[in-house]
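In this chain, numbering begins with 1 at the start of the sequence shown. The figures here come from the full heavy-atom set of this structure, side chains too, leaving out hydrogens, waters and symmetry mates. Because the structure is a prediction, the values reported are computed rather than measured.
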Amino acid sequence: MLIKVVLIIDKRKEQSIKYKKILENSNITVFLSSDFARALELMNRFDPDLIMISDSLDFDIKKAIEQIRVLTYNTRPAIIALSKSNHIQDKIDVLDAGADDFLSEPINSDEFKARITAHIRRNFENSLSEKTMLFDSKISYKMIKRAVNASAKWAIMLIDIDNIQYYKNTYGELAADKLLQTYSAIIKSAVDNNDYIGQLSNEDFIVITDNEKAEKIANYLVYAFDSVVEKFYNKSDLERGFVFMHGDEKAEDKVNLVSTSIGVITNQYKKYTDVKQVISSLISTHKLAQYNKGSDYVIERPEITADNAVENREINNNILIAEPDEALSILLEATARLQGYNVKVVEEFEKIFDAIESYNPSIIILDAGNSETLKGLEVCRKLKYETENLKSNIIFTTTVHDKELVLNAGADLYLPKPYELSVMFGWIRKFNENFNS
């Protein structure tokens, strides 16, 4: 089920309750706050899809909207301003501050409902993958977070197509896209309206369902995937059971046919308190499924302790992440782990130096930090110019678009925000290969 969340920031109790009842009749979860500081806590906890803010607050609405836009730049909720004013300049001011719409009160209930639901619909539609028409990682992250905060029993499934990159290299991108689209259609057929299906990366699927249905879904997906996969290979590759890689350097290499691996975790045996914990357990359980030859699934059970089940590779795949934005940090960590990297996250800049000494990362993803202090720049200079024998590559991310300033601080790559994950991980692969060559 696609859970939609709205946060209403309004000092007027009766008016905000009225709005809440209207939206709840459209199956929208609504949270109320009469205090801006409390509203920021709710934003961090629930990542609302839409935020309504009234000028009734004892706080400048333009400044509030600017702060909300900065703090939610990664999740990008729709922001709607509410006001009794009907002046053109007032509307222009809040729109310039970052609001997506301005509603003059009083407003007809039907029009109010239509406008809000339209903004939410557009917000979700903008997060659909062009290849699979499923929701992307930002929406999936939200849904996982909302499942963790709910009291119901749930199961979360991480579904992957193993060896799809090798398949793409051999048969081409169009064939790989068709395989991905076919599997997404199979997954859609296995779930119902009470379930959520989306993607955690471009080639990994997430399903949130009832814990009692998870194993039946996983069992069906393994059977269905193996039943259709032969249609995506030529006869000789199918008979051989593997494909040869093309190119002079890869001529002797062989790769198994694609298969599906599914990791499933539930809150039936273990209580999860945050998204990072969920993602870590989910990836560890998924890795156990990948150990088995061919398509398979593994469900987290009381006897499974998957945290240390996978040995580190001999090459250095260690990544150190120093990203103050919690949502982006978790997203980076999850995507990196899915791609086979070992990840350590530090929450304070001062802890980076100790982490480097003990962890020896090949890559450091370092954010500039607060736009006023740019603490990350100071850390970058110390790492590059004052730390002995540092071989790590530093990818520096920032909302301050000053390339010369960043590179002069010693960064190996300047990556302005917002950036695409595909761009980030393209550079990670390149730096990691160079580091280990």
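Residues E348 and K375 are not paired through a salt bridge, judged by the lack of any N-O separation under 4.0 Å between the basic side chain and the carboxylate. Ionic pairing of K138 and D47 is not present here: no N-O contact between side-chain nitrogen and carboxylate oxygen is shorter than 4.0 angstrom. Between K417 and D325 there is no salt bridge, since no side-chain N of the basic residue sits under 4.0 Å from a carboxylate O of the acidic one. Salt bridge absent: D274 and R45 never bring a charged side-chain N and a carboxylate O closer than 4.0 Å. At a threshold of 4.0 Å, the pair E111-R115 counts as salt-bridged, since one of the basic side-chain nitrogens sits closer than that to a carboxylate oxygen. Salt-bridge annotation for K62 and E66: absent, with no side-chain N of the basic residue lying under 4.0 Å from a carboxylate O of the acidic one. Salt bridge annotation for K20-E24: present, with a cationic side-chain nitrogen under 4.0 angstrom from a carboxylate oxygen. A salt bridge between D177 and K131 is present, with a side-chain N of the basic residue lying under 4.0 Å from a carboxylate O of the acidic one. Salt bridge absent: K178 and E173 never bring a charged side-chain N and a carboxylate O closer than 4.0 Å.
Within the model, atoms CG of L374 and SG of C380 stand 11.5 Å from one another, a figure rounded to the nearest 0.5 Å. Taken to the nearest 0.5 Å, the CD1 atom of I161 stands 8.5 Å off from the CZ atom of F232. Distance check, rounded to the nearest 0.5 Å: NZ of K91 to OG of S85 gives 8.0 Å. If you take CD1 on I51 and CG on L7, they are separated by 5.5 Å, rounding to the nearest 0.5 Å. In this structure, CG on L390 lies 9.0 Å from CG on N393, to the nearest 0.5 angstrom. To the nearest 0.5 Å, the span separating CG on L82 from CD on E105 amounts to 5.0 Å.
W154 has its ring centre no less than 6.0 Å from the ring centre of Y196. Close placement of the Y19 and F112 rings is indicated, their centers lying within 6.0 Å of each other.
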For salt bridge (charged side-chain N to carboxylate O under 4.0 Å, His left out), just list the numbers for D35 and K11, CA-CA rounded to whole Å, side-chain angles, deciding distance to a tenth of an Å, and then say yes or no. CA-CA 7 Å; D35 176 75; K11 192 175 180 180; over 6 Å; no

K382 and E378: CA distance, side-chain angles, deciding distance, salt bridge (charged side-chain N to carboxylate O under 4.0 Å, His left out) verdict: CA-CA 6 Å; K382 289 183 178 180; E378 178 185 345; 3.4 Å; yes

Evaluate the side-chain contact (heavy atoms from CB on, under 4.5 Å) criterion for residues V346 and I321: first the C-alpha distance (whole Å), next the side-chain angles of each, then the deciding distance (0.1 Å), finally the verdict. CA-CA 6 Å; V346 293; I321 299 175; over 6 Å; no

Pair N163-L257, side-chain contact (heavy atoms from CB on, under 4.5 Å): steps then yes or no: CA-CA 7 Å; N163 296 326; L257 304 184; over 6 Å; no

When you look at Q89 and D93, which way does the side-chain hydrogen bond (donor to acceptor under 3.5 Å, both in side chains) test go after all the steps? CA-CA 6 Å; Q89 190 58 49; D93 287 343; 2.9 Å; yes

Run Q290 and D162 through side-chain hydrogen bond (donor to acceptor under 3.5 Å, both in side chains) and show every step you take. CA-CA 8 Å; Q290 288 181 308; D162 300 318; 3.0 Å; yes

Applying side-chain contact (heavy atoms from CB on, under 4.5 Å), run through Y167 and T170 and close with a yes or a no. CA-CA 5 Å; Y167 178 87; T170 303; 6.0 Å; no

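Between the side chains of S104 and N86, at least one donor-acceptor pair of N or O atoms lies under 3.5 Å. Judged by distance alone, the side chains of N317 and N342 never bring a donor and an acceptor atom under 3.5 Å apart. For the residue pair N219 and E215, no side-chain donor N or O sits within less than 3.5 Å of a side-chain acceptor on the partner. A donor-acceptor contact closer than 3.5 angstrom links the side chains of N211 and Q268. Checked by atom type, the side-chain pair S129/D136 shows no donor-acceptor distance below 3.5 Å. One side chain, S281 or K270, offers a donor N or O that lies under 3.5 Å from an acceptor on the other. Using a 3.5 Å distance cut-off with no hydrogens or angles, the side chains of S140 and Q199 do not pair a donor with an acceptor. Donor-acceptor pairing under 3.5 Å is lacking for the side chains of S329 and E333.
Minimum interatomic distance between G263 and L282 (heavy atoms only, all atoms of both residues): O-CD1, 3.7 Å. Contact between P48 and K142 at its shortest, heavy atoms only, is O-NZ, 3.7 Å. For the pair L50 and H119, the tightest heavy-atom approach, listed with the atom from each and the gap, is CD1-CB, 3.6 Å. Minimum heavy-atom separation, T117 to A114: OG1-O, 3.1 Å. The two residues F135 and I197 make their nearest non-hydrogen contact at CD1-O, 4.3 Å. Of all heavy-atom pairs between L158 and H286, the closest is O-CD2, 3.5 Å.
Residues I68 and I53 meet the side-chain proximity criterion, which asks for heavy atoms closer than 4.5 Å. S16 places a side-chain heavy atom less than 4.5 Å from the side chain of L32. For the pair I28 and V5, the minimum side-chain heavy-atom distance is 4.5 Å or more. Two residues are said to be in side-chain contact when any heavy atoms from C-beta on lie closer than 4.5 Å; Y297 and S261 fail this criterion. Side-chain atoms of I164 and Y166, non-hydrogen and from C-beta on, never get closer than 4.5 Å to each other. For the pair L383/I356, a side-chain contact is recorded, criterion being any heavy-atom separation below 4.5 Å from C-beta on. Contact check for T335 versus Y341: no side-chain heavy atoms found under the 4.5 Å cut-off. In this structure the side chain of V207 reaches within 4.5 angstrom of the side chain of I187, judged on heavy atoms.
With hydrogens and angles disregarded, a donor-acceptor distance shorter than 3.5 Å links the side chain of S362 to the backbone of N318. Checked by atom type and distance alone, the side chain of R337 pairs as donor or acceptor with a backbone atom of V343 at under 3.5 Å. Between the D55 side chain and the S83 main chain, no donor and acceptor come within less than 3.5 Å of each other. Under a 3.5 Å cut-off, the side chain of N44 and the backbone N or O of E326 do not form any donor-acceptor pair.
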What donor-acceptor contacts under 3.5 angstrom involve side-chain atoms of residues 221-229, with partners at least two apart or in another chain?
residue, atom, partner, partner atom, Å
D226, OD1, S295, OG, 2.7
S227, OG, Y223, O, 2.7

List the atom pairs, donor and acceptor, that lie under 3.5 Å between side-chain atoms in residues 36-43 and the rest of the protein, sequence neighbours left out.
residue, atom, partner, partner atom, Å
R38, NH1, E41, OE1, 3.3

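In this structure, K153 has no side-chain hydrogen bond (donor to acceptor under 3.5 Å, both in side chains) partners at least two apart in sequence or on a different chain.
In N27, the CG atom is not crowded: 12 or fewer heavy atoms of neighbouring residues, nucleotides or ligands sit closer than 6.0 Å.
Between D49 and the choices R122, R121, R146, the salt bridge (Lys or Arg N to Asp or Glu O under 4.0 Å) rule is met once, by R146.
In this pair, Y183 and F205 present their aromatic rings perpendicular. The plane angle is above 60°, beyond the 30 to 60° band.
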